[in-house]
Amino acid sequence: MAWFCWSLLVCIVMIASTVNGQRMFPGQCGMSHPCAQICKNVPGMGRVKCECESGHILAANGFLCISEEDETIDIDAETSPTEAVVTVSEETVDKAKDQQGSGGQEMEGSGSGTDEDGEQETGSGEEIHVPSPMVLCQDFECQNGGTCYVDVVMDKAMCRCTEGFKGDRCAESVVIPPTTCEGFECQNAGTCYINGETSRASCHCPLGYEGEMCKQTVAIKFPSFQSHSYMEFSSPLGLYRTFQVRVDFKPETLDGLLLFCGEQDSTDKDYFSLGLVDGKMQFKYDLGGTAPGIITSAVTVSLGKWHTVTINRDNWDGWIQVDQEKPVKGKSKGLYSKLTLRSPLYLGGHSNYTAISQTSISTGFSGCVERLVINNVDSDMRLEPRGFAVGGVDVGECSSGLCDEGMCSNGGSCVAQSASRYLCLCPLGTAGPTCEKDVLLHIPSFNGSSHLVHQSLGKNHLSFLEIEVIFRPHQPTGMLLYSGQKFERAGDFVSLGMSEGHVEFRFDCGSGPAVLRTTEPVSLNEWHIAIASRTARDGTLQVDKRRVLSGMAEGAFTQLTFAGDLYIGGVDDASHVSKKAEMSTSFVGDIQKVIINDKPLDLIDDAIRGANVMNADHPCVDQPCQNRGECAAQHATYSCQCPLWYQGINCEEDIEGIVEVPSFQGSSYLRFTSDWVLKRVGGQDDNIQLEFRTWSSDGLILWMGRDVMKSTSDFMALGLDNGMLKWSYNLGGGPVSILTNQTFNDGEWHTVSMQRQGASGTLMIDQREGLMATAPGPMKSLDINNGLYLGGMKDVAELSFKRYTIGFLGCIRNVMLEGDKLDLYQDPSEGRNVNHCA
Ligand SMILES: *[C@@H]1O[C@H](CO)[C@@H](O)[C@H](O)[C@H]1NC(C)=O
Ligand SMILES: *[C@@H]1O[C@H](CO)[C@@H](O)[C@H](O)[C@H]1NC(C)=O
Ligand SMILES: *[C@@H]1O[C@H](CO)[C@@H](O)[C@H](O)[C@H]1NC(C)=O
């Protein structure tokens with residue numbers, strides 16, 4: 001039964017949910033639980049978590065306990081496994097079996113696929129023998145004579161290698177470095193030196209590489225330094241009279257240089273330095289005078305703890321502050337008050353301590369740096385072009401390993417948010433610090449680490465783009481929408497966002513951005529609508545009912561190319577965003593609607609992916625519409641789109657009786673897709689008659705078209721345009737329209753007859769003489785595939801290619817197709833908000 005138990009063991013671990021790093025299992029203490037020692041019920045969840053008696057610690061699998069003295073247990077594959085007896089409820093086993101069915105990769109090639117004992121492993125409360133983790137070693141081969149053991153704390157098989165080998169599986173041979181650099185080739189432009197401790201050749205690795213031979217790449221975001229490391233940033237500008245620099249750091253030793261910058265790469269001329277001297281922070285600056293400023297903090301830093309140091313200089317005066325302690329002030333003497341800086345800014349050390357001997361620090365900093373803020377600008381410590389670092393030596397990443405363990409459940413991915421904090425990016429439909437909660441999303445809310453990704457805008461929006469967004473900000477700055485070229489910080493893009501309360505629309509066709517920004521900020525915590533559009537190089541932006549702003553992009557290019565995805569509320573990696581968008585903060589707030597070129601996006605269902613999206617505080621989230629009615633958010637309120645033959649604010653009422661004459665309210669429609677109807681519309685000719693009554697001057701009465709409309713697609717439409725009746729159709733050769741020069745929104749019944757034979761059509765109203773027209777082109781047939789709509793459509797503007805923007809308001813009766821009467825009550829395949837005509 002080994003493989004089964006093995007897979008079951010894995011499955012138990014897989015179905016266990018994690019809260020704050022502690023695994024939980026289905027079941028109840030006292031009946032069925034997997035805990036080796038102490039079981040605790042988790043209130044209200046039907047789950048248990050395990051604890052261990054004193055002197056023991058809980059293994060990573062969440063149910064075994066390990067003696068504290070003996071954290072790892074060696075297991076020889078030959079000896080018989082010690083079995084942990086685990087009672088598993090039926091639910092657990094069923095789930096475990098489901099897991100086997102779907103995620104079968106755990107079992108592949110590791111057994112016959114049946115239980116050797118032939119036992120059925122189901123049944124409530126049945127005992128299942130979960131073998132000790134030694135099975136983990138069964139398929140784990142250590143090479144070159146290495147032996148497998150299980151690290152019980154990590155719940156992982158590992159190899160103990162024989163001398164001369166290393167690696168996960170002991171596959172790599174250990175090269176014992178020579179005592180000279182001759183023939184010792186550091187990779188990736190690393191430089192060889194003789195390590196003082198080992199007296200053997202070793203490599204200094206350039207920024208971005210690590211390892212003995214600098215073979216491994218490392219992405220630096222929160223740098224970690226050893227005493228011989230340093231990082232370089234290009235010389236900071238604008239610091240010559242005053243500056244303020246803040247560093248957040250965690251020291252591992254009491255001495256070391258944290259910052260250096262000078263007129264030269266030495267202390268011969270102007271410079272400033274900041275470092276640890278005997279545990280105190282020392283700030284020195286020499287403006288070329290008789291006595292440099294030397295300011296030393298009163299407090300001593302604690303090793304292994306995070307600290308913040310801020311240094312400030314204003315001409316001759318300076319001060320230093322460590323954490324919340326009182327700032328210490330100082331002064332430099334001399335004629336000059338300006339500090340000339342031309343060398344790179346060094347962080348964490350320097351390349352030549354002899355050259356900077358005046359700093360009286362002769363070693364680099366050891367520890368981590370999380371933030372570097374210069375004159376209120378956060379320095380992105382990643383390597384160019386993503387960040388500002390230009391070089392460095394022997395720099396590691398502080399957050400590495402932070403996300404190694406499966407911190408996030410439900411498929412969430414872990415990212416280092418700082419040197420010591422991780423953040424779960426929870427897939428759509430999950431939430432919580434470790435993605436442990438399930439949420440049914442309705443109206444997305446973004447918390448600053450969230451985003452939604454939709455398909456690229458593609459080629460349809462090359463020269464014209466209109467974006468409408470309904471949003472409620474909780475913070476004054478953040479990205480609402482972005483689309484650009486993939487993985488490029490330059491090139492075409494369009495962005496809509498908020499910057500200190502102002503709504504900003506930017507686009508760049510490749511030769512310089514247009515920036516449209518509202519003059520007044522918008523209020524927080526209230527719904528707003530922003531409509532941004534661009535036609536070639538011209539852009540407009542309107543927010544709420546305010547004045548329309550317009551602006552123009554630079555250069556000669558007029559077409560935008562969007563190769564990348566469309567991001568809403570934020571991006572997964574800010575380094576993909578064009579620098580010209582100046583938008584690095586994600587949105588905090590709610591987004592109710594995004595409409596692009598008249599097409600409303602289904603924000604949740606059409607998303608390709610997303611992270612950390614929650615529900616907004618909105619009545620639609622409580623699903624107020626009954627009988628499968630759809631909740632349509634309207635800023636802070638909502639309306640229900642009621643399915644056929646339901647009515648009421650929440651679609652709670654049945655419509656009584658047979659609706660022979662339906663009434664439509666602008667958001668309503670009836671759709672017919674039955675064969676009976678389809679046989680009688682479209683094709684070579686049409687003969688449609690109907691009666692209508694309305695007081696409204698605009699709206700779509702009848703529509704036939706295609707499910708994806710383009711400007712050239714076939715369609716036929718009847719509607720009101722300023723009270724006049726308009727009949728139009730396109731057979732593929734171009735549209736033709738007949739517009740009456742009389743208004744019909746008089747509340748009286750009118751009869752319309754539409755007769756089409758091939759390209760020629762006759763429109764007759766109230767039995768008067770017909771108006772005639774012929775469609776251009778040789779085509780004779782109306783080619784439609786989307787049924788017949790009466791009174792409107794679901795998304796009128798999108799499906800009619802903006803020929804109409806609202807549905808019909810009034811009543812329709814006696815619809816005749818080729819002389820046969822259409823049953824408006826029985827025949828519709830769908831519809832909404834339709835009622836009896838009063
Ligand atoms: C370090 O600086 C000193 C003094 O400026 C110089 O003489 C020496 O050559 C430098 N060392 C290296 C390795 O550049
Ligand atoms: C956003 O939501 C995620 C998941 O629900 C959570 O882990 C994270 O801490 C939140 N971030 C902020 C800034 O509130
Ligand atoms: C428009 O109205 C005028 C007068 O009412 C009429 O003579 C003319 O024929 C009408 N034109 C059309 C196209 O209906």
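Only this structure's heavy atoms are used, side chains among them; waters, hydrogens and symmetry mates stay out. Atoms within each ligand, like the ligands themselves, are counted from 1 in listed order. Just so we're clear, the structure is a prediction, and the values are computed from it rather than from any experiment.
- At a 4.0 Å heavy-atom cut-off, the residues surrounding ligand 2 are Leu423, Cys426, Ala431, Gly432, Pro433, Asn447, Ser449, Asn612, listed by chain and number.
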What's the verdict on side-chain contact (heavy atoms from CB on, under 4.5 Å) for Lys284 and Ser360, showing C-alpha distance, side-chain angles and the deciding distance?
-> CA-CA 10 Å; Lys284 276 196 180 184; Ser360 43; 3.0 Å; yes

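- If you run ring-ring contact (aromatic ring centres under 6.0 Å, His included) between Phe272 and each of Phe243, Phe260, Tyr285, only Phe243 comes through.
- Note: no N/O pair closer than 3.5 Å links Thr354 and ligand 1 by distance alone.
- For the pair Asn612 (side chain) and Cys424 (backbone), a donor-acceptor distance under 3.5 Å is present.
- The side chain to side chain contact (heavy atoms under 4.5 Å, CB included) check on Gln264 picks up Ser266, Asp268, Lys269, with sequence neighbours excluded.
- If you check the gamma sulfurs of Cys414 and Cys403, they are less than 2.5 Å from each other.
- Comment: Lys250 does not engage Glu370 in a salt bridge, judged by the lack of any side-chain N to carboxylate O separation of less than 4.0 angstrom.
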